[in-house]
Every structure is written in C-alpha cells, then in structure tokens.
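Treat the numbers as computed from the prediction; the structure is a model and nothing was measured. Lettering follows sequence order; numbering is per chain, from 1.
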2 protein chains.
Amino acid sequence: MKPTIYDVAKEAGVSIATVSKVLNSNGRISDKTRRKVNQVMERLNYQPSMVASALTSRKTGTVGLMIPDIANPYFAEVARSFEDNAQKLGCDIIICSTDRDDDRAERYMSLLLRKRVDGLIIASHTGSPELIRRMLSDRVPLVLFSADIRSLESNSVSIDDYKGGYLATEYLLSLGHRNLGILSDNLPGSELRVQGFMEALEAGGISFDNPDNLIRTSATLENGRTAAVRMLSQTAGKRPTAIFACNDLLAIGVLKEARQFGLSIPRDLSVIGFDNTLLAEICHPSLSSISQPVHEMARQAMQLLNEEIEQEGAPKRKVLLMPELVVRHSTGPAPAAGV
Amino acid sequence: MKPTIYDVAKEAGVSIATVSKVLNSNGRISDKTRRKVNQVMERLNYQPSMVASALTSRKTGTVGLMIPDIANPYFAEVARSFEDNAQKLGCDIIICSTDRDDDRAERYMSLLLRKRVDGLIIASHTGSPELIRRMLSDRVPLVLFSADIRSLESNSVSIDDYKGGYLATEYLLSLGHRNLGILSDNLPGSELRVQGFMEALEAGGISFDNPDNLIRTSATLENGRTAAVRMLSQTAGKRPTAIFACNDLLAIGVLKEARQFGLSIPRDLSVIGFDNTLLAEICHPSLSSISQPVHEMARQAMQLLNEEIEQEGAPKRKVLLMPELVVRHSTGPAPAAGV
DNA sequence: TGAATTAGGGTAAGCGCTTAACCTTCATTT
DNA sequence: AAATGAAGGTTAAGCGCTTACCCTAATTCA
C-alpha cells in the first residue's frame with residue numbers, strides 16, 4: 001500500500017498534524033523536525049493524496065476545459081496554452097470535447113461538477129447559454145473564452161471579432177478587390193466577423209448586394225469546398241475575386257476547390273482565413289490569416305479564473321484583445337478589372 | 001453550500017447508507033424508498049462528490065494521458081480518441097504535454113500520482129524508461145501507446161512501425177524509384193520505420209549507400225525544410241527521386257522546400273509521410289502517408305488499461321496493429337532515368 | 001525571580017462518501 | 001407454532017488529509 005500521512009508520522013516520531021504542517025509549510029515547525037520529516041517522506045517515497053486533501057481543503061487543483069473538439073488544431077493550440085498556464089499554478093486540465101452537442105456538454109459539465117473541479121473554461125460557447133447561466137448562478141468559477149455572451153455577467157476573454165473581420169476586409173480592399181465573398185461558420189463570434197466585413201465594405205464605399213457571396217456553414221474542410229463551389233461557379237462578373245473565410249479550415253477548403261476551377265492563387269483569387277492556425281502555414285500557398293493572441297488570451301483567462309477561485313465574489317471582468325493581420329501568400333492584388 | 005449526502009438523507013427521512021445505496025444501485029432497497037430518495041436528490045440538485053467517494057472507493061475515474069504535445073495534430077487526434085473511449089467508461093482524461101522533457105514528465109507523473117489517477121497512458125515514450133520502470137514496479141496501471149519498450153513487461157498498443165516503413169518503401173519502389181531518401185525523427189518507433197525502409201530496399205535489390213540520404217531530426221516543419229535542403233541540393237545523380245519521411249510534418253517540410261528548388265511534385269519528386277494526420281489532407285499536393293488506426297489503438301489501449309485497473313494482477317499484453325498505405329497526390333512514377 | 005510570551009508541536013473534529021456488520025419485520029417452511 | 005430466512009434498513013468505522021484549539025517548555029522582560 002501507498003504510505004499515508006500516518007506512516008510518515010509514525011516513522012518520524014511526530015503527529016500527523018506536524019507532517020501536514022511541513023507538507024504545506026504553514027504553522028510553526030523547527031528546522032530540525034522539518035528536516036527529519038522530509039527525510040522520512042523521501043525515504044518512504046510518500047506521495048500525499050490530493051483526493052484526501054481536496055476533501056478538506058476544497059481545492060482539487062483541476063480545471064475543466066470545455067471545447068468543441070480537441071482534434072481541431074485551433075483548439076489543440078488553445079488547450080496547450082491553457083495547460084502551460086495551469087502548470088504554472090500547479091494545477092492540471094481535464095479536456096472535454098463536446099462536438100457542440102448540448103447533451104454531451106451537459107454530461108461533461110455534470111461530471112466536472114461531481115469531480116469538484118476548481119473552475120471551468122468554456123471556449124466558443126460550448127454548451128447552451130442556459131447551461132452556462134445555471135453554472136453561474138451556482139457560483140461555479142468560470143470564464144468564457146474566445147466568445148463572450150454579453151448578456152451574461154461572467155468573466156470572459158476574447159478577441160475583437162468585429163475588428164478581425166474589419167481588418168481582413170480592409171486589407172483585401174487595399175489590394176484593389178471590389179467584389180468580395182465571405183464564408184462564415186455558425187459560431188456566435190463569427191457573426192461579429194461578418195459584421196466587421198460588412199462595415200469595412202461600407203466604409204470603403206462598396207455595397208454588398210450579392211447574397212450568394214455570403215455563405216454560412218460549419219467548419220470543416222468539406223464544407224469549405226462545397227461553399228467554394230457555389231461561390232466560384234457564378235459568372236465572372238458576380239464571382240468574387242477575394243474570399244474571407246471565418247476560419248482557416250474553411251479557407252483551405254476554398255483554396256483546394258479553387259484549384260479545381262483552374263484558378264491560380266493569389267493571381268485569380270485571394271483567400272484569407274481566420275485564427276492563424278498551424279494549418280495556415282502548412283497549406284499551399286500558405287494562407288494569410290487573422291491571428292488571435294491565443295497564448296496571451298489563455299494567460300489572462302487562467303488568471304481571471306484563478307482570481308475567482310481564490311476569492312468568491314471577485315468582480316467579473318471582460319477582456320478584449322486585438323487580432324492581427326498575418327500576410328502570407330494566398331492574397332494578392334485584384335486581377336485587372338474588366339477581364 | 002452544495003448539498004451533501006446528509007442533506008439528502010435527512011430530507012428523505014432515511015440514513016445516508018440508504019442514499020449511498022440508491023446512488024450506486026447496490027444493496028437492497030425497496031422501489032418506494034428508491035423513488036423517494038431519487039426525488040429528493042433531484043429536488044436538491046444533488047451532485048455526489050467524487051472526491052469523497054474516491055477517498056473510500058479508491059477510484060477517481062480519471063486517467064492521465066502523457067504525450068509530447070497536444071498541439072501536434074497527431075497527438076490531438078490520439079487524445080480525442082482516448083477521450084471518446086474514456087467517456088464510454090464514464091471517466092475522463094488529464095492531458096499532460098511534456099515536450100519530451102524528462103523533468104516535465106517527472107513532475108507531471110508525480111502530480112498524477114498524487115491525484116491518484118486510476119491509470120496512465122504513456123504515448124511515444126514520454127518520460128524516461130527509468131521513470132516508467134518505476135511506475136511499473138509501483139504497480140501503477142499503465143499502458144504504453146504507439147511505442148513499445150520491449151524490455152519492459154508492460155501493456156502496450158502500437159503499430160508495426162517496421163511494417164509501416166516497409167510498406168512505404170515498397171510502394172515507392174513499385175513506382176520505379178531507385179534512389180530513395182529517408183527523413184527520420186528521433187523517436188524510438190521511427191528507428192523501426194527506418195529498418196523497414198532499409199529491408200524493403202534490400203528486398204528490392206537496392207543498396208543504400210549514400211549517407212546523406214538518411215537524416216535524423218526532430219519533428220518540426222522547419223527541420224523538415226532544413227533536411228530537405230541538404231538532400232535536394234546534391235547533384236542530380238545522388239539526389240533522391242523519392243523521400244520517405246517518418247512523420248507528416250517532416251514530409252510537408254520537404255514538400256515546401258522542394259518548391260524552392262523548382263521541383264514539381266510528384267513529377268520530379270515523390271514524398272510520402274507517416275501518421276496520416278489531418279495535415280496530409282490539408283497540404284498541397286495532398287500527402288500520401290502511412291496511416292495508423294488511431295481510434296482502434298486507443299480503444300484497445302483503454303480496454304487494456306481498464307482490465308488492469310479492475311484486477312490488479314491482470315496479465316500484461318502487447319498489442320500490435322497494422323498500418324496502412326494511403327495514396328494521395330504527393331507520390332508518382334519515378335522520372336525517366338538518366339535525365 | 002516570577003509572570004508573560006512565544007515557539008513547537010499534539011489532539012481531535014471534521015470533509016462526504018462506502019461498506020461490513022447488524023437489526024427488525026414479515027413471509028415461509030415444516 | 002416455532003424456526004428459518006429474506007427483505008429493507010441502520011450503525012458506525014473508516015478513507016487520508018486540514019485546521020482550530022490546546023498544551024508544555026523555553027525564552028523574554030520588568
């Protein structure tokens with residue numbers, strides 16, 4: 001059997017309280033006793049049970065990370081960032097991929113609560129707003145990540161999606177494109193990206209009047225291709241010369257399909273993505289994209305979460321970070337007009 | 001405060017033992033009592049504390065997954081597969097990315113032990129063999145994933161890496177290539193892939209005599225490119241017409257660099273990867289690769305782990321699954337000879 | 001020198017569950 | 001009708017920690 005605090009105490013000839021005190025370095029202990037106890041712990045290879053300590057201290061040192069899918073490179077990167085930040089605080093992370101299925105989300109949530117995790121990170125609206133509201137009213141420490149819910153009084157860390165959409169669009173306009181398409185996924189944040197797109201167009205004096213150049217779909221490579229087919233098979237006048245996709249996967253779908261249409265990128269068509277994932281570098285031509293400061297976001301989120309864990313009624317905060325344009329090789333000047 | 005089993009018992013007018021029994025549906029309880037208790041639990045929104053139950057039952061329902069890096073798409077996919085399989089068993093997963101740093105691995109390991117996880121999955125030799133041996137002798141349930149250590153009497157689930165290397169090479173030979181290069185990473189499994197490569201060459205009556213056509217490096221895009229430069233800048237006679245990379249990331253590095261050399265793929269150069277990750281589909285041209293049955297591997301690993309958790313001295317088993325060749329567009333017939 | 005601190009450590013009561021052992025009823029068996 | 005046994009619960013002892021509180025002896029101060 002694994003040694004317990006009793007074994008250590010007996011071996012060291014002290015009480016378990018003393019052992020506990022040297023373990024947590026609190027209380028008054030003489031150097032001599034401390035050393036002896038430490039030696040015994042070492043010798044017995046004592047590993048204090050966090051499940052026992054969690055029972056009394058009410059801290060498990062575990063936080064739950066709810067995301068749509070860890071196999072999605074964006075979320076994998078997010079997870080990694082959280083892991084690193086958690087480690088600095090001496091805690092670890094339980095990954096929960098929900099596939100955006102409310103039932104799965106609810107089951108996971110319940111599991112996490114029963115495990116008494118110290119807090120929750122909820123990325124991209126994983127789980128219904130109703131569910132989140134319930135957690136909030138149960139005072140579960142929690143921070144929304146990468147997609148805020150304005151109506152909820154909760155912590156959140158996200159980027160300015162509107163700004164991101166605006167940046168991407170402005171950039172395409174600056175390249176001379178006048179006929180733009182937009183491919184959105186069905187996440188709440190993406191709606192803001194679309195808004196940014198629209199307002200940048202307006203600011204550029206361009207009206208968006210072709211409804212076929214706006215497609216909403218969920219984020220898979222295949223859906224990106226399908227949408228691309230729809231946009232690109234329009235007549236030359238209506239077909240966009242540049243497409244803004246609300247995430248990299250969709251953008252790459254467009255890239256792939258464009259080839260089928262015999263379009264050269266960026267000569268005939270510019271494509272820009274969002275999230276600046278590993279994929280953007282991998283694909284060919286490499287993808288221009290709007291980048292999120294994922295690591296910094298995770299850092300702040302973890303910090304907010306920690307504050308709320310430490311002191312129950314900590315004031316909620318909403319942090320908004322700025323996205324940045326990363327130019328690679330999938331965007332270029334608009335083709336000469338009138339061709 | 002969260003309601004406890006005492007609250008439920010009092011409300012339902014029974015003892016906590018009774019509540020515990022309906023909770024775990026064991027022991028003898030009348031339908032009437034069961035219903036009443038269930039009602040009360042519902043009404044109070046009772047969430048039994050798994051930390052308390054773990055303290056007595058010695059089951060936390062958590063397993064640790066040690067991997068090099070969750071941000072690496074291959075391991076992200078592995079993690080997802082484990083997650084799904086774990087969920088079926090009602091447990092969840094703590095992710096530990098170690099970056100192959102033995103210290104990090106050791107710290108994580110220790111954390112997991114203190115958390116009293118039910119078991120460990122150790123993917124790709126994460127942590128030193130010595131560390132693993134120690135776990136084993138401490139009788140921690142554990143299964144090695146994707147890279148066995150033959151000398152250790154432990155469970156393991158992996159693919160036949162040798163076979164994978166053989167398959168890839170045989171395929172390139174069948175396309176008429178006679179001058180092959182190989183790019184290996186520094187994982188133990190990859191050594192077997194190299195062996196498979198070598199023996200397939202031999203079986204094909206080809207001798208591998210140019211040491212510059214074998215490069216070992218760690219798995220990053222950048223390293224793939226660097227290695228590609230070295231191989232491709234050789235004179236036409238020595239330069240390989242096909243390159244086998246021991247993982248997709250390296251392969252894609254080659255793909256990218258080949259373009260800088262003005263080589264068209266697969267016309268001038270064939271490239272094949274390993275792992276068949278999402279990346280293989282994303283890149284252009286899409287990458288032929290050797291695929292691992294990741295989901296099935298995770299299923300079996302989880303099952304082995306579970307068996308060992310259930311009964312202490314369960315016999316160890318080593319499972320070996322077969323990789324498969326997936327042909328895409330990065331491989332083609334060897335260029336006409338003598339050019 | 002005697003009283004008041006203080007340093008160093010022990011006692012014991014939980015934390016919220018599980019489970020072996022035990023105690024009633026009440027229906028069956030002979 | 002007495003003995004037997006099953007059905008349905010209850011009691012209480014842990015699981016391995018934390019921590020408020022208490023005690024003793026050594027130190028300090030007037």
Q. Which of residues 26-38 of chain A sit near DNA chain C, with a heavy atom under 4.0 Å from it?
A. Arg28(A), Ile29(A), Ser30(A), Thr33(A)

Q.
Quick check against the 3.5 Å criterion: does Asn85(B) have a side-chain atom that pairs as donor or acceptor with the backbone of Ser81(B)?
A. yes

(Q) In this structure, how many angstroms lie between the P atom of dC15(C) and the CD1 atom of Ile16(B), rounded? (A) 12 Å

Q) What's the closest nucleotide to the Leu55(A) side chain, out of dC15(D), dG16(C), dC17(D)? A) dG16(C)

Q.
Here's a test for you: under side-chain hydrogen bond (donor to acceptor under 3.5 Å, both in side chains), which of Arg317(A), Lys318(A), Glu308(A), Gln303(A) qualifies with Asn155(A)?
A. Glu308(A)

Q) Touch check for Ser15(A), heavy atoms < 4.0 angstrom, all strands: base, sugar-phosphate only, or nothing? A) base

Q: Please check if any side-chain donor atom of Tyr46(A) sits under 3.5 Å from a side-chain acceptor atom of Thr4(A), or the reverse.
A: no

Q. How is Val51(B) classified with respect to the nucleic acid when contacts are heavy atoms under 4.0 Å: base, sugar-phosphate, or nothing?
A. nothing

(Q) Are there over 12 heavy-atom neighbours, none belonging to Glu130(A), within less than 6.0 Å of that residue's CD? (A) yes

Q.
Nearest whole Å is fine: how far is dC17(D) C1' from Tyr46(A) OH?
A. 7 Å

Q: Send over the distance from Leu23(B) CG to dC17(C) P, rounded to a whole Å.
A: 8 Å

Q. Counting N and O atoms only, with roles assigned by atom type, does the side chain of Asp101(A) sit under 3.5 Å from a partner on the main chain of Asp103(A), one being a donor and the other an acceptor?
A. yes

Q.
Counting only side-chain heavy atoms from C-beta out, which of dT18(D), dT18(C), dG10(C) sits nearest to Ile5(A)?
A. dT18(D)

Q) In whole angstrom, what separates Met1(A)'s CE from dC15(D)'s P? A) 9 Å

Q.
Assess, by modelled atom type and distance only, whether the side chains of Ser128(A) and Asp102(A) contain a donor and an acceptor separated by less than 3.5 Å.
A. no

Q) DNA chain D: Lys21(B) or Ser57(A), which has the more 5' nearest nucleotide? A) Lys21(B)

Q: Flag the pair Thr60(A) / Lys115(A) as yes when at least one side-chain heavy-atom distance between them is below 4.5 Å, and no otherwise.
A: no

**Q.** Separation of atom NZ in Lys59(B) from atom P in dT19(C), rounded to whole Å
**A.** 11 Å

Q. To the nearest Å, how far apart are Asn24(A) CG and dC17(D) C1'?
A. 9 Å

Q | Side-chain N or O of Ser20(B) closer than 4.0 Å to phosphate OP1/OP2 of dT18(C) | A | yes

Q. Phosphate oxygens OP1/OP2 of dG16(C): is one of them under 4.0 Å from a side-chain N or O of Arg116(A)?
A. no

Q. With a 3.5 Å cut-off and just heavy-atom distances, do the side chain of Tyr6(A) and the base of dC17(D) make a donor-acceptor pair?
A. yes

